[in-house]
Amino acid sequence: MPELPEVETLCRQLRHVIMGAEISKTQIIDAKLGTIREVEGKQVGAVNRHGKALAIELERGLSLVFHLRMTGRLLWQNGNGLLPHTRLVISFSQGRLFLIDPRRFATVTVHKQGNGLPVGSDPIEDCDPFHLQAIAQRSTLLVKAFLIDQRRIAGLGNIYACEILYQARIDPWRRVHTLTHEEWKGIGEAAEKILKRAIACRGTSVSDWHDLFGNKGEHQDYLLVYGREGAACSRCGGIIHRRKLNGRGTYYCPTCQNCEGG
DNA sequence: CCCTATGTTCCCAA
DNA sequence: CTTGGGAACATAGG
């Protein structure tokens, strides 16, 4: 279930494996994905990510855009045989790219111009506190809901939003327009630090995330709040809490993050 | 049976 | 127009 660092991991690994290669064949296993036309015989010119979307860019402006949603995975295979829950196979001369997705929420689309990647500022490219504060100015959203809103900032999901707010010592229930410039600076710095470390660790494997080659990431060893309800806060020794915010499980330290009412 | 789940989109109400 | 809630999508695991 990939967020920005996981998709970035796939993006970098895919570049090494398929840059310049030609798609020899595509096989849709799950018809729910729809059809993929005109990509066979095309060469891969670039692999890019924006937010949680991944684009394999081909000749003549064509691109294949993947969104893995909750349980989608991309896996590179040299051998034969289908793995369970395989939805799509893209073959190259040197191997095959599998889209595997038990829950079948993942999507693949073909774009004829542009790379079809979504909008929203990228938290890796743009952690500038002035920018963050500017786009938050007229919003009444709770800060955590704001951080995971893909139209505003593309790429953060529940795990990294919890970690970033903990690191920046911000109450997830704060309204975004009340945050000071210092607080946005803290959020920007925390985001950059956490996302870069997570990418270096090839993502967070708390349940089923595996990289392009089937290996687990290592960033789960660095989580300070996510999934740690009832455990001791590494900073103050207090208890990590979990409460729902807009329907999403939210982990936080009431003491370090100055939450009202604990 | 119950509940949970790292995501997105749609409908509806305030 | 913005926001939040709920459902839907479909499956696995505790």
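Residue numbers begin at 1 in each chain, while the letters A, B, ... track the order of the sequences.
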Query raised in the report: Using a cut-off of 4.0 Å on non-hydrogen atoms, how would the nucleic acid contact of A:Arg87 be classed: base, sugar-phosphate, or nothing?
Result: nothing
Query - Within 45° cone and under 6.0 Å: A:Arg202 NZ/CZ vs A:Trp209 ring - result: no
Report task. Answer whether the closest heavy-atom distance between the side chains of A:Arg37 and A:Thr26 falls below 4.5 Å. Result -> no
Query - Closest to the A:Val206 side chain, choosing from B:dT6, C:dT3, B:dG7 - result: B:dT6
Report task. Using whole Å, report how far CZ of A:Arg69 lies from C1' of B:dC10. Result -> 12 Å
Query raised in the report: So which nucleotide does B:dT9 pair with, by the Watson-Crick or G-U wobble rule with both distances under 3.5 Å?
Result: C:dA7
Query raised in the report: Any side-chain heavy atom of A:Arg248 within less than 4.5 Å of one from A:Ile148?
Result: yes
Query raised in the report: According to a strict under-4.0 Å criterion, is A:Thr71 in side-chain N/O contact with OP1 or OP2 of C:dA10?
Result: no
Query raised in the report: Closer than 4.0 Å, any side-chain N/O of A:Lys244 to the OP1 or OP2 of C:dG5?
Result: no
Report task. Check the distance between C:dT11's C1' and A:Asp30's CG and give it to me in whole angstrom. Result -> 13 Å
Report task. Round to a whole Å and report the spacing from CG of A:Leu195 to P of B:dT6. Result -> 17 Å
**Report entry** A:Lys52 NZ to B:dT9 P, straight-line distance once rounded to whole Å
**Finding:** 10 Å
Report task. Determine if A:Phe105 stacks with B:dT8; use a centre-to-centre distance below 5.5 Å and an interplanar angle below 30° as the criteria. Result -> no
Query - Separation between the P atoms of B:dT4 and C:dG5, rounded to whole Å - result: 15 Å
Report task. Using a 4.0 Å heavy-atom cut-off across all strands, classify A:Ser207 as base, sugar-phosphate, or nothing. Result -> base
Report task. Provide, to the nearest angstrom, the distance between the CG atom belonging to A:Asp208 and the C1' atom belonging to B:dG7. Result -> 13 Å
Query raised in the report: Which value, in whole Å, describes the distance between the P atoms of nucleotides B:dT8 and C:dC1?
Result: 22 Å
Query raised in the report: Given C:dC9, B:dT6, C:dT11, which nucleotide is nearest the side-chain atoms of A:Lys32?
Result: C:dC9
Query - Separation of atom CZ in A:Phe66 from atom C1' in B:dT8, rounded to whole Å - result: 18 Å
Report task. Check whether any side-chain N or O of A:Asn246 sits under 4.0 Å from OP1 or OP2 of C:dG5, and answer yes or no. Result -> yes
Query - Given B:dA5, C:dA12, B:dT8, the nucleotide with the shortest approach to the side chain of A:Tyr226 - result: B:dA5
Query raised in the report: Counting any heavy atom closer than 4.0 Å, what does A:Leu68 reach on the DNA or RNA strands: base, sugar-phosphate only, or nothing?
Result: nothing
Query raised in the report: Side chain of A:Arg248: nearest nucleotide among C:dC9, B:dT8, C:dT3?
Result: B:dT8
Report task. May I ask you to check whether A:Phe146 and A:His177 place their ring centers less than 6.0 Å from one another? Result -> no
Report task. Among C:dG4, B:dT9, C:dA10, find the nucleotide with the atom closest to the side chain of A:Leu141. Result -> C:dG4
Requested in this report: Figure out the CG/P separation between A:Asp149 and B:dG7, and round it to whole Å.
Outcome: 12 Å
Query raised in the report: Does A:Phe105 have its ring centroid less than 6.0 Å away from the ring centroid of A:His67?
Result: no
Query raised in the report: For A:Gln150 and B:dG7, is the shortest distance between a side-chain N/O and OP1 or OP2 below 4.0 Å?
Result: no
Query - Options C:dG4, B:dT6, B:dT8, nucleotide nearest the side-chain atoms of A:Ile159 - result: B:dT6
**Report entry** Pairwise C1' distance for B:dC1 and C:dC9, with rounding to whole Å
**Finding:** 22 Å
Query raised in the report: Just by distance, with hydrogens left out, do A:Lys144 and A:Asn246 show a side-chain donor and acceptor under 3.5 Å apart?
Result: no
Query - Parallel, tilted or perpendicular: rings of A:His241 and A:Tyr252 (30°, 60°) - result: tilted
Query - P atoms of B:dC3 and C:dG6, separation to the nearest Å - result: 14 Å
Report task. Take the protein atom CD1 of A:Ile148 and the nucleotide atom P of C:dT3, then report the distance between them rounded to whole Å. Result -> 14 Å
Report task. When you get a sec, tell me which of B:dA5, C:dT3, C:dC9 is the closest nucleotide to the side chain of A:Thr140? Result -> C:dT3
Report task. Select one nucleotide: of B:dT6, B:dT8, C:dT3, the one nearest the side-chain heavy atoms of A:His67. Result -> B:dT8
Report task. Return the nearest nucleotide to the side chain of A:Arg175; candidates are B:dG7, B:dA5, C:dG4. Result -> C:dG4
Query raised in the report: What nucleotide among B:dT8, B:dT4, C:dG4 has an atom nearest to a side-chain atom of A:Arg242?
Result: B:dT4
Requested in this report: For B:dT6, take OP1 and OP2 only and decide whether either is under 4.0 Å from a side-chain N or O of A:His219.
Outcome: no
Report task. Using a cut-off of strictly less than 4.0 Å, decide whether A:Arg104 has a side-chain nitrogen or oxygen near OP1 or OP2 of C:dA12. Result -> no
